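Comments concern the structure below.
These numbers were taken from a predicted model, which means no experiment stands behind them. Lettering of chains follows the sequences in order, A, B, ..., and the numbering in each one begins at 1. We use all heavy atoms of the structure for the numbers below, so side chains are in, but hydrogens, waters and symmetry mates are not.
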Number of protein chains: 2
Amino acid sequence: MASCDVASSCRMNEEFAVPKDVEEVRTAMANFAERHVAAGRRVVLITSGGTKVPLESRTVRFLDNFSSGRRGASSAEYFLAKGYAVIFLHRHRSLCPYTRLYTGVNLLDCLTLNTIQEGTELVTVDQRKLPNITNILKRYQEVQTVGLLLPVEFSTLSEYLHLLKAAAQALSPIGSKAMFYLAAAVSDFYIPASEMPEHKIQSSNGPLQISMKMVPKILKPLVKDWAPKAFVISFKLETDPSILLERAYCALDTYKHQAVVANVLDTRHGYVVIVTKDFQKELVLTDKEAERGVEIEDKIVKNLSNAHSHFINQ
Amino acid sequence: MASCDVASSCRMNEEFAVPKDVEEVRTAMANFAERHVAAGRRVVLITSGGTKVPLESRTVRFLDNFSSGRRGASSAEYFLAKGYAVIFLHRHRSLCPYTRLYTGVNLLDCLTLNTIQEGTELVTVDQRKLPNITNILKRYQEVQTVGLLLPVEFSTLSEYLHLLKAAAQALSPIGSKAMFYLAAAVSDFYIPASEMPEHKIQSSNGPLQISMKMVPKILKPLVKDWAPKAFVISFKLETDPSILLERAYCALDTYKHQAVVANVLDTRHGYVVIVTKDFQKELVLTDKEAERGVEIEDKIVKNLSNAHSHFINQ
């Protein structure tokens, strides 16, 4: 396996532009974690959505990873229900907790204009168009009131890498009370800034050859150096089921973290395998459960928060 | 300039998978156009948003083009205000007319729960969070009532190509009453189905070499064969201002259509040049106009709908 370390943060800063607000975000995350641990809560950092890899420095074209952010957003809701405080590091415009339930709904189709007196109009929600909205809104407002959810956005791979490193450093002080739930679909390949054309690639130059380098595996320094006491979960998505478990064990062996959630593209909403060095647990969503609106993320989160309890008490 | 024709639709079907519902959509578009022309309206087909180019047939990774769909969505509103009926062929989840004004607003932050009696709750909109919502909602509902807007979605480049061809064929019968306003950011490159790996490309195989072919220029058969009497506008976006006009004239010369809207990435919200074989017109948004909320699409649409009137009366 080709190796690609990122031990030197100096090299990371050279090849991946540092986002402007990274220090501010790091402080906000550290304060968030400290406050919630003081209140007796655990903290989970969820990454969600795909990363954008620019092909030009004034970017018109980019490489992207398929991900709506559904798994990260729904998992966040189940972690919140379990009492966790959640840092939600997600791709700009990917799905978010609670609002994800109304994705694809046109807001303007759900609103009604009511003239209550001349010049005063009340806009109300047609509740048939936003099913269960009163309960969802109550739950969302509870979460907001207690400040249990800290959303942080990224778009590019560079932003993701630097913000994840900042998160790891921000959560390091709370030790084993921190969980990393790395569900984002992160690019394996990128074009270094130094090799990127400045301007839009011209189609008149003929067919396109793109040569991409491997992205440093940030999981290694995260587990080893940045947050060594944390409970760390990575995700492994494959399209070929025959290599899935082998790839999951290989990741566990390489990064020495606590668990891999292994899943196959076509069946990911109904079947995952949680792989740790001690056990391998299949989670299946039955058709009956799916009909009742149960989601597999409920099962994944139950399992992992139990495993996190054991980990803390070890 | 490398040439790449798509005269043979047989080749197009081979290299770009035909979407399942293309016949249905073609019929819907043809009926829409016929109905509105009978009612004395013109019809504009707006394309909007970027196209997705898969790198694997079970797609995990894809190439994308930067585009929020803002220009297409706002232009649609101005065309509707000018009395056009609009077919809005847009990328799945890109911005849409009217709702685009509330992009980035979290729906749940704008709603208030009001208990009107035990067990009955009214959900109302906090109008400070959705500025101008009553007027926008009225305008949207008028458009819906008359059925002036037909939204059609694409995600991949293949879907875009086939749906645009279907649109051209559907609008051909209304001749010069049809305008094509091709604002979508369409990929210049793709990987043919036959050269695409089935499964997710493994990062353990080392750095990635991608070799992409040039996308056939669909504008040529559109203008020449599919809708030869229509008024056709293409867009040319560059990052380098020094080559912009040359590229715009080159497009006009190659495709023999009516106009190119030329714009530069960094200044596209405040400056465009409309290039036709007879004139070249700069449209500028002043700072004062921008402060008042004027949008450059208002000027583009005014200009082009006037030009369309002349074209029809020729």
Is there side-chain contact between B:E56 and A:T239, with at least one heavy-atom pair below 4.5 Å?
-> no
Checked A:S67, A:S211, A:G50, A:P54 vs chain B; the most non-hydrogen pairs under 4.5 Å come from A:S211
Does any non-hydrogen side-chain atom of A:L111 lie less than 4.5 Å from one of B:Y140?
-> no
For side-chain contact (heavy atoms from CB on, under 4.5 Å), just list the numbers for A:T134 and B:V123, CA-CA rounded to whole Å, side-chain angles, deciding distance to a tenth of an Å, and then say yes or no.
-> CA-CA 7 Å; A:T134 57; B:V123 184; 3.8 Å; yes
Option that, when pairs with chain A are counted at under 4.5 Å, heavy atom only, ranks first among B:D266, B:T103, B:N65 = B:N65
Once you round to the nearest 0.5 Å, how far does CD of B:Q144 lie from CG of A:D109?
-> 6.0 Å
Proximity of residues 183-191 of chain B to chain A, residues having a non-hydrogen atom under 4.5 angstrom | B:D188, B:F189
Please report the shortest heavy-atom distance between A:F62 and B:F66, naming the atom on each side.
-> CE2-N, 3.6 Å
4.5 Å side-chain heavy-atom contact, B:K138 and A:L113 | yes
To the nearest 0.5 Å, how far apart are SG in B:C96 and CG in A:L108?
-> 10.0 Å
Interface residue of largest heavy-atom contact number with chain A, from B:D64, B:V53, B:V125, under 4.5 Å | B:D64
Answer with side chain, backbone, both or neither: which region of A:L122 has an atom nearer than 4.5 Å to a non-hydrogen atom of chain B?
-> both
Taking side chain as C-beta onward, heavy atoms only, is B:I210 less than 4.5 Å from A:Q209?
-> no
Inter-residue atom distance B:E121.CD - A:L137.CG, 0.5 Å rounding | 9.0 Å
Find the one option among A:L237, A:D240, A:T124, A:D126 whose heavy-atom pairs under 4.5 Å with chain B are most numerous.
-> A:D240
Does the side chain of B:P207 reach to within under 4.5 Å of the side chain of A:K213, using non-hydrogen atoms?
-> no
Is there side-chain contact between B:L63 and A:L55, with at least one heavy-atom pair below 4.5 Å?
-> yes
